[in-house]
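Only one structure is covered here, and it is reproduced in the block below.
Whatever order the structure lists them in is the order used to number ligands and atoms, beginning at 1.
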Amino acid sequence: MQLNTLSQSSLQDYVDCARRFQLRYLDRLSYPAIESEPALENEKHQQEGEYFHRLAQQHLIGILSEQTTKLANTANLQRWWENFLNSKDLSGLRELTGLHAEATLSAPLGKFRLLAKYDLIAIENGKATIYDWKTYRKRPRNEWLSARMQTRVYRALLVSAGAHLNNGQPFEPEQIEMIYWFADFPNEPARFAYTSAQYKRDWDLLTKLADEIASASSHPLTDDRQKCAYCPYRSYCERGVRAGAIDQADPQGETEAEELFDVNFEQIGEIEF
Ligand code: SF4
């Protein structure tokens, strides 16, 4: 099947396992196996995460209704929402005029379009801050976050495709910062500034990956079998039928499992484009 767009999720899959990329984005196979146990609990956590994103968006654009807040009635949602409203790092956001909640940016990348949807881009005094809300059960290490495709794609794409948010002038990388805000660790946000050298490095890597993807004639299985423990395509690869229990995986693997469980906007965007 013809693939027209790339996103941080599809690029992360490609980097993690070319076979997973093929099954998910080229063959468009839906999940044949539950990704991690216990399945119901993970599904609930995922739904709560989606709901939390909706609350945050409605709050930021000033249309949060009492009705929506009332529906935030699980223990997780109540705690996350309280943390959000009480966060010193997020206080004052709503007063900013340059607030772009759930903004979508895209730019050509090789034969593809690179697409990203941002939870929030806040612009103030020539500085652009990318916010991403995370409802992870564990606070990932900064080194792990820094290497994620999301961190690279979101900052690089704002430089390449964000001029309309900056009076027609492309942002300099040095004007950009990305903040992951963790709903369960509200006082431990992860901040990533940006430099021109990092932008060049990121865009070169993204271009190389896009070229590789466009010309790939095979999609080998990853050698890192840890990645298979919670991968939904295990049965296609004969790498186990039962889902791995995520707390048996390595510490960052647990977070990767949570990300895999998310069917996020970008995948929907890729199908619609
Ligand atoms: S089971 Fe392993 S080899 Fe197969 S797609 Fe998933 S990560 Fe890749």
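Sequence neighbours left out, the pairs with a member in residues 76-85 that pass salt bridge (charged side-chain N to carboxylate O under 4.0 Å, His left out) are Arg79-Asp184.
With sequence neighbours left out, the side chain to side chain donor-acceptor pair (under 3.5 Å) criterion links Asn166 to no other residue.
Residue Glu102 forms a side-chain hydrogen bond (donor to acceptor under 3.5 Å, both in side chains) with just one option from Arg54, Lys117, His53, and that option is Lys117.
By the 30° and 60° cut-offs, the orientation of the rings of Phe84 relative to Trp81 is parallel.
Counting heavy atoms from C-beta outward, Arg152 and Gln8 have side chains that stay 4.5 Å or more apart.
Residue-and-atom listing of protein N/O/S atoms under 2.8 Å from atom 2 (Fe) of ligand 1, sorted by chain and number: Cys228 SG.
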Name each donor-acceptor pair under 3.5 Å that joins a side chain in residues 209-223 to protein atoms two or more places apart or in another chain, with its distance.
| unit_1 | atom_1 | unit_2 | atom_2 | d |
| --- | --- | --- | --- | --- |
| Glu212 | OE1 | Tyr14 | OH | 2.9 |
| Ser215 | OG | Asp211 | O | 3.0 |
| Thr222 | OG1 | Asp224 | N | 3.0 |

